[in-house]
Amino acid sequence: MKIVLRIVFGIAFLSVAFFGLGPVMLADGMMGERILSLIVVLLIFAALYVLYKWSMKKSRG
């Protein structure tokens, strides 16, 4: 079960990195829009990390 969770979260992290950080770095919008997008992407990373830690703790028992 842990292997499946790690694979799913690995794919989720890679997807957020590809589809989230790519537009932040390569966008041609204003700096404020880029910073706002970066903050949203970092919040998504943080939420995924918390969810990952919680699900790993739950799968132990």
Side-chain angles (χ1 to χ4, degrees):
M1 182 65 178
K2 279 184 144 181
I3 294 284
V4 173
L5 283 174
R6 287 185 177 153
I7 290 171
V8 167
F9 277 102
I11 291 170
F13 276 109
L14 288 174
S15 297
V16 170
F18 183 74
F19 293 111
L21 292 178
V24 168
M25 293 186 300
L26 302 174
D28 57 352
M30 295 173 46
M31 186 58 76
E33 293 174 359
R34 294 171 72 176
I35 290 175
L36 181 63
S37 297
L38 178 63
I39 290 170
V40 169
V41 168
L42 290 176
L43 287 173
I44 293 171
F45 270 124
L48 270 176
Y49 179 75
V50 169
L51 190 60
Y52 171 74
K53 288 303 233 181
W54 179 79
S55 63
M56 283 293 132
K57 190 184 293 186
K58 282 294 240 190
S59 70
R60 281 189 213 178

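In this structure, CE in M1 is found 8.5 Å from CE in M56, a value given to the nearest 0.5 Å.
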Contacts under 3.5 angstrom, residues 33-47 side chains, donor-acceptor by atom type, not counting sequence neighbours:
| from | atom 1 | to | atom 2 | distance (Å) |
| --- | --- | --- | --- | --- |
| R34 | NE | V24 | O | 3.1 |
| R34 | NH2 | V24 | O | 3.4 |
| R34 | NH2 | M25 | O | 3.1 |
| S37 | OG | E33 | O | 3.0 |

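Across F9 and L48, no two heavy atoms sit closer than the pair CE2-O, 3.8 Å. Heavy-atom minimum distance, S55 versus L5: O-CD1, 3.9 Å.
Using a 4.5 Å cut-off between side-chain heavy atoms of Ile, Leu, Val, Met, Phe, Trp and Tyr, with links allowed through other members, V8 and V16 fall into different hydrophobic clusters.
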Note to self: Show, in sequence, the C-alpha distance, side-chain angles and deciding distance for L51 and W54, and conclude whether the side-chain contact (heavy atoms from CB on, under 4.5 Å) test is met.
What the structure shows: CA-CA 5 Å; L51 190 60; W54 179 79; 4.2 Å; yes

